[in-house]
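One structure below.
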Amino acid sequence: MPELPEVEVTRRSFAERIEGALVTGIRLGAPLRWPLGCDPEMLRGFTVGQTQRRGKYLWMPLSAPAGGEGGGGLLMHLGMSGSLAFGESLGPPGRHDHVDVLTSRGILRLTDPRRFGAVVWSASMQHGMAAKLLASLGHEPFDPALTPQALHAALRRRRTSIKAALLAGDIVVGAGNIYACEALFGAGIDPRTRCDRISRPRAEALLREVRSTLSLALELGGSTLRDFRDAHGMNGEFQGQARVYGREGLPCVRCGAAVRRVVQGQRSTFFCPGCQRR
DNA sequence: CGGGACGCCTGTGAGC
DNA sequence: TGCTCACAGGCGTCCC
């Protein structure tokens with residue numbers, strides 16, 4: 001599920017409700033990508049702060065009880081198949097529920113069948129594992145510092161394909177496989193185009209499309225949050241909006257040409273050979 | 001160093 | 001029905 005819009009929608013769905021809650025315990029299920037990185041007992045009595053998002057990560061600050069030391073936070077990632085639920089009556093943890101943060105206001109629960117997700121303790125976003133994981137992230141897509149010129153300049157230094165660069169997330173974060181395909185379609189750029197061959201006006205168009213694609217998804221409440229049980233999670237609201245993703249062989253909504261699928265870096269890329277040019 | 005492949009896991013749908 | 005296979009919204013690590 002989780003590209004930037006889904007992660008942000010997730011954040012908004014629990015951040016205000018959990019802020020100020022007291023941690024009463026942590027329940028761990030099967031291991032995730034990395035170990036928690038601290039003794040779960042240590043977090044008892046900590047207060048939850050304002051949960052924020054960086055790229056596809058969520059950072060939930062935890063402050064130690066008055067006079068106590070060792071505050072920090074939990075860095076959370078949903079991987080490919082993760083989701084977070086927050087509520088008072090979630091029921092007993094199931095086979096894919098791997099972390100429960102028990103609080104005075106309810107349980108924050110990470111469910112993740114594939115276990116590519118993570119919940120990791122760090123002393124701050126600038127320390128430990130969090131710092132390491134966040135270090136190479138690019139601009140937030142809506143950061144005003146990310147200007148067309150800045151994007152163009154960054155692309156000029158790259159030889160890899162524009163699709164691969166978007167997915168890498170070290171120039172701009174947030175667009176995963178679906179939204180990268182959709183944004184490139186919107187901008188009329190062939191996903192196989194080398195970054196350093198993208199003109200300034202096209203970089204500008206791409207930035208505009210990355211932003212509008214992500215905002216639209218955000219407006220729609222993400223893609224599949226509501227109905228995540230479904231197979232590829234693609235039965236959500238964004239599926240109806242997708243113009244190329246998952247539409248191999250179907251006519252392009254703009255020009256009617258058959259949408260193509262190619263593989264780039266072991267990931268499917270969908271594009272319209274008629275509308276998208278190198 | 002940049003760039004690409006690999007591996008982590010489980011689940012699902014298609015095809016036989 | 002049951003098997004095998006391809007594929008899945010991410011990303012750190014390894015190797016060239």
Side-chain angles (χ1 to χ4, degrees), chain A residues 1-10 29-35 37 53-58 75-84 94-98 110-120 128-138 154-183 191-196 213-214 216-218 220-239 241-242 244-249 261-270:
Chain A
M1 153 214 337
E3 298 182 45
L4 183 146
E6 291 74 27
V7 174
E8 177 61 17
V9 165
T10 298
L32 290 166
R33 184 156 196 183
W34 298 289
R53 182 190 54 74
R54 173 72 175 104
K56 299 170 192 168
Y57 289 90
L58 290 178
L75 189 72
M76 304 182 279
H77 197 286
L78 302 180
M80 291 271 266
S81 56
S83 58
L84 281 169
R95 133 185 178 71
H96 297 308
D97 300 331
H98 308 303
L110 177 79
T111 305
D112 184 4
R114 289 175 77 178
R115 291 196 273 136
F116 290 173
V119 176
V120 176
M129 193 65 175
K132 200 173 140 189
L133 294 172
L134 300 174
S136 60
L137 296 188
L155 292 178
R156 264 192 327 213
R157 287 179 236 119
R158 290 281 198 107
R159 303 147 170 271
T160 188
S161 72
I162 183 62
K163 165 73 172 349
L166 286 176
L167 284 193
D170 51 359
I171 298 176
V172 52
V173 296
N177 208 28
I178 298 177
Y179 301 130
C181 289
E182 294 301 309
R192 300 166 297 181
T193 310
R194 275 173 51 147
C195 292
D196 58 0
T213 304
L214 294 176
L216 174 62
L218 213 40
L220 295 178
S223 300
T224 52
L225 278 183
R226 320 186 181 283
D227 211 352
F228 190 50
R229 310 286 276 168
D230 276 351
H232 310 282
M234 279 305 294
N235 286 337
E237 298 167 50
F238 196 85
Q239 187 184 28
Q241 306 290 322
V244 285
Y245 188 87
R247 302 194 72 243
E248 181 182 14
R261 183 178 82 95
V262 294
V263 175
Q264 292 179 282
Q266 290 97 248
R267 310 294 303 279
S268 287
T269 297
F270 299 88

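Fair warning: this is a prediction, and the values are worked out from it, not measured in the lab. Letters A, B, ... are given to chains in the order of the sequence lines, protein chains preceding strands, and every chain is numbered from 1.
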A/L84 and A/T111, any side-chain heavy atoms less than 4.5 Å apart: no
Per-nucleotide protein contact string for nucleotides 10-16 of chain C (B base, S sugar-phosphate only, - none; heavy atom under 4.0 Å): BBSS---
Note, A/T269 side chain near A/V263 side chain (heavy atom, < 4.5 Å): no
Interatomic distance, A/D170 CG vs B/dG3 C1' [rounded to whole Å]: 11 Å
Nearest-Å distance for atom pair CG/P, residues A/D112 and B/dT10: 11 Å
CG on A/L166 to CD on A/Q264, rounded to 0.5 Å: 10.0 Å
Euclidean distance, atom CZ of residue A/R115 to atom P of B/dG7 [Å, nearest integer]: 18 Å
d(CD1, A/I162; P, B/dG3) in whole Å: 12 Å
Point-to-point distance, once rounded to the nearest 0.5 Å, from CE of A/M80 to CG of A/N177: 8.5 Å
A/H96 side-chain N/O to B/dG11 phosphate OP1/OP2 under 4.0 Å: yes
Close side-chain approach of A/R54 to A/L137, heavy-atom, < 4.5 Å: yes
Sugar-phosphate only, base, or nothing, as touched by A/R261 at under 4.0 Å among non-hydrogen atoms: sugar-phosphate
Where A/Y179 and A/E3 come nearest, the two heavy atoms and their spacing: CD1-OE1, 2.8 Å
Side-chain N or O of A/S268 closer than 4.0 Å to phosphate OP1/OP2 of C/dC7: no
Distance-only polar pair, side chains of A/R192 and A/S161, donor-acceptor under 3.5 Å: no
Secondary-structure string, 5' to 3', Watson-Crick or G-U under 3.5 Å, | for another-strand partners, for DNA chain C: .|||||||.|||||||
Nearest-Å distance once atom P is located in both C/dC3 and B/dC9: 24 Å
Sugar-phosphate, base or nothing in reach of A/R95, heavy atoms under 4.0 Å: sugar-phosphate
Would you list the atom pairs, donor with acceptor, under 3.5 Å between side chains in residues 168-175 of chain A and any protein atom, with sequence neighbours excluded?
residue	atom	partner	partner atom	Å
A/D170	OD1	A/R158	NH2	2.4
A/D170	OD2	A/R158	NH2	2.5

Interatomic distance where CD belongs to A/Q266 and C1' belongs to B/dG7 [whole Å]: 10 Å
Atom pair CD/OH of A/E182 and A/Y245 - distance to nearest 0.5 Å: 9.5 Å
